[in-house]
Amino acid sequence: MFGKIFSRNYSCSDTLEHLQSYLDGETDSKTARKVAAHLADCPNCTDELSLYQQIKVSLRAPKVEVDPQVLQALNDFGRRVAQSDAQS
Amino acid sequence: MVMLMPNKTETQEAFETHVLPHMEILYRTAWSLTRSDSDAQDLVQDTLLRAYRAIDRFDGRYPKAWLLTIMRNANINRVRKKKPDLIDNPEIAFERSTDFADMEDPEALVVDPMLSAAVEDSFSTLPDKYREVIELVDLNGLSYKEAADAIQVPVGTIMSRLHRGRNKIREQLGEGDVAAIGQGGH
Ligand SMILES: [Zn+2]
């Protein structure tokens with residue numbers, strides 16, 4: 001998995017170390033180039049990058065409003081599901 | 001023989017421990033996926049029933065990620081049944097939009113409906129010092145230097161708090177299918 005086959009410059013662990021700074025645009029250009037070069041060949045690190053991107057964009061997105069009554073109804077349903085076991 | 005107290009079974013207890021506390025995330029995620037109150041409720045109920053049937057095989061790690069994987073499968077099933085309006089399905093719309101050309105422009109990235117509620121939830125439970133820095137950088141768009149000036153700490157402190165805080169959120173997303181969805185799933 002975390003092989004070095006494709007990366008003469010940065011290994012996966014080098015890349016992961018700089019991944020968040022890279023995402024934030026806070027690395028120097030040399031580091032950014034090395035990270036980008038590694039990402040181009042490494043699906044694992046690319047997956048990680050997209051998760052951190054999602055963390056960023058999710059936090060910016062507006063929250064879904066939750067109706068407390070709906071939540072209550074779902075909790076009741078959940079408890080009934082849990083109890084179905086005790087009764088069977 | 002007389003049963004004095006109806007003891008909770010292990011299954012029941014596991015369900016109460018690992019599933020019921022996450023109801024709000026389940027509902028928020030379901031709503032993001034369906035954009036409808038009634039469909040969201042149906043999807044949560046379906047997810048709960050599936051989780052109940054699967055809980056004996058769950059190892060107790062990353063319950064949110066486990067539940068969201070179940071919800072994702074339940075949703076695929078739901079969409080297949082409903083058809084054919086695939087374009088209106090937020091998850092499919094998301095997968096279509098995922099393109100690394102967008103990398104340079106985070107604003108252009110579409111929120112993954114499977115992850116957003118879980119991210120928000122993990123964020124809200126972080127210790128203040130991490131939340132504060134994530135707020136400055138991710139929500140308010142400050143650079144590390146600007147954030148450092150804002151709360152009068154060294155840039156290195158901003159970086160380590162920010163990265164650690166995000167790592168804590170990342171951990172909650174688990175290793176499984178949900179974590180893979182950012183890449184279009186499988
Ligand atoms: Zn890698």
Side-chain angles (χ1 to χ4, degrees), chain A residues 1-2 16-28 31-32 35-36 38-88, chain B residues 6-9 11-13 15-16 19-20 23-24 26-29 31-32 37 40-41 44-45 48-49 51-52 98 100 102-104 106-107 109-112 115-120 122-123 134-135 137-139 141 143-145 155 159 162-163 166-167 169-170 173 179-183:
Chain A
M1 33 186 289
F2 288 96
L16 294 176
E17 192 188 321
H18 295 287
L19 200 61
Q20 291 195 48
S21 299
Y22 175 74
L23 178 63
D24 295 329
E26 296 269 358
T27 55
D28 58 59
T31 306
V35 170
H38 181 88
L39 289 170
D41 285 324
C42 181
N44 290 320
C45 290
T46 304
D47 281 354
E48 281 301 305
L49 179 71
S50 78
L51 273 176
Y52 282 100
Q53 279 175 322
Q54 277 302 318
I55 290 172
K56 252 180 122 85
V57 294
S58 292
L59 290 173
R60 277 187 207 176
K63 275 190 128 184
V64 173
E65 289 288 329
V66 180
D67 179 347
Q69 284 186 332
V70 170
L71 203 59
Q72 182 62 48
L74 289 171
N75 273 311
D76 292 344
F77 179 86
R79 269 190 291 275
R80 283 202 302 280
V81 172
Q83 280 157 14
S84 65
D85 180 64
Q87 289 156 4
S88 65
Chain B
N7 276 327
K8 281 184 187 177
T9 64
T11 305
Q12 190 180 343
E13 216 164 301
F15 193 81
E16 287 177 0
V19 179
L20 298 185
M23 199 64 77
E24 190 169 332
L26 289 177
Y27 182 72
R28 285 182 191 282
T29 305
W31 201 92
S32 299
D37 289 333
Q41 288 181 54
V44 172
Q45 293 188 349
L48 292 171
L49 293 168
Y52 183 74
T98 309
F100 268 82
D102 293 345
M103 198 1 247
E104 303 301 326
E107 302 295 338
L109 271 170
V110 176
V111 175
D112 181 347
L115 297 179
S116 57
V119 168
E120 279 163 16
S122 298
F123 173 71
I134 292 177
E135 232 164 61
V137 175
D138 284 345
L139 276 80
S143 69
Y144 292 1
K145 175 76 172 67
V155 172
M159 192 155 94
L162 177 68
H163 293 190
R166 287 196 194 126
N167 285 344
I169 298 174
R170 164 67 188 90
L173 302 177
I181 288 167
Q183 279 306 290

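Letters A, B, ... are given to chains in the order of the sequence lines, protein chains preceding strands, and every chain is numbered from 1. Everything quoted here is computed from the prediction, not taken from an experiment.
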By a 4.5 Å heavy-atom criterion (distance strictly below it), what part of [X] contacts chain A: side chain, backbone, both, or neither?
X	answer
B/L26	neither
B/E24	both
B/D37	neither

Identify the two heavy atoms, one from [X] and one from [Y], that lie closest to each other, and give their separation to 0.1 Å.
X	Y	result
B/Y144	A/S21	OH-CA, 3.6 Å
B/V137	A/R60	O-NH2, 4.4 Å
A/S58	B/S116	OG-CA, 3.4 Å
A/V81	B/L48	CG1-O, 4.3 Å
B/V111	A/A61	CG2-CB, 3.6 Å
A/G78	B/F15	O-CE2, 3.3 Å

Proximal component of A/E26, with respect to chain B [non-hydrogen, under 4.5 Å]: side chain
B/R166 vs A/D24, side-chain contact (heavy atoms from CB on, under 4.5 Å): CA-CA, chis, key distance, verdict: CA-CA 12 Å; B/R166 287 196 194 126; A/D24 295 329; 2.8 Å; yes
How long is the straight-line distance from [atom2] of [Y] back to [atom1] of [X], given to the nearest 0.5 Å?
X	Y	atom1	atom2	value
B/Q12	A/Q83	CD	CD	6.0 Å
B/Y52	A/S84	OH	OG	4.0 Å
A/R80	B/Q45	CZ	CD	8.0 Å
A/K56	B/I169	NZ	CD1	11.5 Å
A/L59	B/E120	CG	CD	7.5 Å
B/L115	A/Q54	CG	CD	5.5 Å

Any A/V70 side-chain heavy atom under 4.5 Å of B/W31 side chain: no
CA sep, side-chain torsions, deciding dist, call: A/Y52, B/N167, side-chain hydrogen bond (donor to acceptor under 3.5 Å, both in side chains): CA-CA 9 Å; A/Y52 282 100; B/N167 285 344; 2.5 Å; yes
Residues B/E16, A/R79; criterion salt bridge (Lys or Arg N to Asp or Glu O under 4.0 Å); working and verdict: CA-CA 8 Å; B/E16 287 177 0; A/R79 269 190 291 275; over 6 Å; no
Stepwise side-chain contact (heavy atoms from CB on, under 4.5 Å) check, A/E48 with B/R170: CA-CA 9 Å; A/E48 281 301 305; B/R170 164 67 188 90; 2.8 Å; yes
Intermediate values then yes/no, side-chain contact (heavy atoms from CB on, under 4.5 Å), B/Y27 and A/N75: CA-CA 11 Å; B/Y27 182 72; A/N75 273 311; over 6 Å; no
